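The structure that follows is given in the form of structure tokens.
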Amino acid sequence: MAFSLELDEEQRDLRDWVHGFAADVVRPAAAEWDEREETPWPVIQEAAKIGLYGFESLAELFGDPTGISLQIANEELFWGDAGIGMALFGTSLAVAGIFSSGTPDQLAEWVPQCFGDEDDPKVAAFCVSEPQAGSDVAAMRTRARYDEARDEWVISGQKAWITNGGIANVHVVIASVDPELGSRGQAAFIVPPGTPGLEGAKKIKKLGLRASHTADVFLDDVRVPGHCLLGGKEKLDARLARAREGTRSAGGRSQAAMSTFEVSRPTVGAQALGIARAAYEYALEYAGDREAFGRPIIENQAIAFALADLRTEIEACRLLIWQASWMARNDKVFDAGQGSMSKLRAGELAVASTEKAIQVLGGAGYSREHPVERMYRDAKIYTIFEGTSEIQRLVIARAISGRQIR
Ligand SMILES: Cc1cc2nc3c(=O)[nH]c(=O)nc-3n(C[C@H](O)[C@H](O)[C@H](O)COP(=O)(O)OP(=O)(O)OC[C@H]3O[C@@H](n4cnc5c(N)ncnc54)[C@H](O)[C@@H]3O)c2cc1C
């Protein structure tokens, strides 16, 4: 196929469709749900009604052979608002976990339950982090033990900072089945709706993404049927045997959480890019309207150059995200940590762009009368979750040097 960066008709339609929803529904509702600090169920329902929230739309996004449709949708949605965006897209991280480890039967059974239906939409949660294991995923203490007599897995532990934790219909839980193997001894499990022993803690009050529910999740001898192990027991046993022998599985994708992050990092980068672009566009327009010293402030190089730099970064960042997404979709190995590069650059840009936007707006930018204040609060998480900026640098440094950088 000839090389082209031009979007095809389907991708352009997708961009315009999601942008329309973000502009007409999401952006106008953003301040309200940020203040309320509640999951915006009516917006989720509206997205489900038009087919933007659900299995089919996500399957279409994942199905694009270029890999970039998912990123186009994320950029536009999060351009609308990151808190509502995360309330809508948090589910897809759990779904990505099912996609990356599950069998086709497991996909067919569980992914629709992650979303519910348009009259009664549901959300899902991807549970990896723990109080003692955030960046250091290998330090995970949640254990899953196989009860052979009943063909059930018994999961116990505590998960921390979980998006949709406790309010999710389906929780995808990463647990250690062989602690001696570190992250290579981990597996992903479905905890079906209503399973006894799983409890969500109180919603955590946060700086930003306040429309998105974040909470700890407690798992106390949670019993799930054998078929809830994603990928199945045979595959897990073979993988553990290989890990015990000290060999790696093809592509190094032996870790249940890590293989999900590989795919999801460019996606999270696209969300950060959406915030960065929203702040930049708002500041650009404001700088054209606002006058000081008898001329629009954009006619000062200090302002215009700052905006020029932001636009340059936005364009560069998008290319990095698209490259990493294309690589992930086409099974190319991230030989220089390209997934991490895209998330690192976009996360840092979201913070820089929103901060600069506030500066361009002056006092107005510091107030809640303008959305850049909320964007600034929302942006900061993008240097923290899905791997902090330091961890992304670690991944890139290890990939380019081939050394165990610490
Ligand atoms: C709003 C929100 C939503 C989240 N949603 C989810 C979710 O849905 N599912 C989920 O599983 N998790 C989720 N998380 C958790 C998130 O992924 C973790 O917070 C993140 O991975 C960082 O872990 P930590 O908070 O334990 O920080 P720590 O790991 O304690 O890190 C603290 C600091 O030390 C630095 N650091 C640590 N190790 C190194 C090193 N080797 N080299 C250099 N610096 C280092 C870090 O970069 C960071 O600056 C969420 C978090 C938040 C805040």
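Keep in mind the model is a prediction, meaning the values are calculated, not measured. Heads up: numbering here begins at 1 and tracks the sequence. Whatever order the structure lists them in is the order used to number ligands and atoms, beginning at 1.
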Please determine whether any non-hydrogen atom of L209 lies less than 4.0 Å from an atom of ligand 1.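 It does not, in that no heavy atom of L209 comes within the 4.0 Å cut-off of ligand 1.
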
K206 heavy atoms, cut-off 4.0 Å: which ligand 1 atoms fall inside?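 Those of ligand 1 that fall under 4.0 Å from K206 are 1 (C).
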
Proximity winner for atom 11 (O) of ligand 1, if only heavy atoms of A125, G97, S129 are counted: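 Shortest heavy-atom distance from atom 11 (O) of ligand 1: S129.
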
Carefully, step by step, assess E355 and I358 under the rule side chain to side chain contact (heavy atoms under 4.5 Å, CB included). CA-CA 5 Å; E355 198 263 350; I358 290 180; 6.0 Å; no

Which of the numbered atoms in ligand 1 are below 4.0 angstrom from a heavy atom of I384?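 Contacts of ligand 1 toward I384, numbered from 1: 20 (C).
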
Out of F385, F126, W161, whose heavy atom is nearest to atom 9 (N) of ligand 1?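 Among F385, F126, W161, the closest heavy atom to atom 9 (N) of ligand 1 comes from F126.
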
Can you confirm whether K206 is buried at NZ, in the sense that more than 12 heavy atoms of other residues, nucleotides or ligands lie under 6.0 Å from that atom?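 Counting other residues, nucleotides and ligands, NZ of K206 exceeds 12 neighbours.
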
For ligand 1, which atoms sit closer than 4.0 Å to a heavy atom of V128?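 Within the 4.0 Å cut-off of V128, ligand 1 contributes 10 (C), 11 (O).
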
Around W161, counting heavy atoms of other residues, nucleotides and ligands shown, do more than 12 lie under 6.0 Å from its CH2?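 At most 12 heavy atoms, drawn from other residues, nucleotides or ligands, come within 6.0 Å of this atom.
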
Which option out of T214, D136, I391 puts a heavy atom nearest to atom 38 (N) of ligand 1?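 Comparing heavy atoms across T214, D136, I391, the nearest one to atom 38 (N) of ligand 1 lies in I391.
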
So do the side chains of Q271 and F89 get within less than 4.5 Å of each other, counting heavy atoms only?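 In contact.
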
Hey, does the Lys NZ or Arg CZ of R12 hover above the aromatic six-ring of W17, less than 6.0 Å from the centre and inside 45° of the axis?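 Checked: cation-pi criterion not met.
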
Check each atom of ligand 1 against the heavy atoms of E386 and keep those under 4.0 Å away; list them by number with element.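 Answer for ligand 1: 17 (O).
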
If we set the cut-off at 4.0 Å for heavy atoms, which region of I381 has an atom near ligand 1: side chain, backbone, both, or neither?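 For I381, only side-chain atoms sit under 4.0 Å from ligand 1.
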
Going by the salt bridge (charged side-chain N to carboxylate O under 4.0 Å, His left out) test, which pairs reach into residues 59-83, not counting sequence neighbours?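 Sorted result for residues 59-83: E75-R277, E75-R318, E76-R277, D81-R374.
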
N/O of T163 under 3.5 Å from N/O of ligand 1, yes or no?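 Yes - when backbone and side-chain N and O of T163 are compared with those of ligand 1, one distance drops under 3.5 Å.
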
Can you list every side chain to side chain donor-acceptor pair (under 3.5 Å) pair that touches residues 304-313, not counting sequence neighbours?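 Passing the test, one end in residues 304-313: Y280-R311, R311-E315, E313-R345.
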
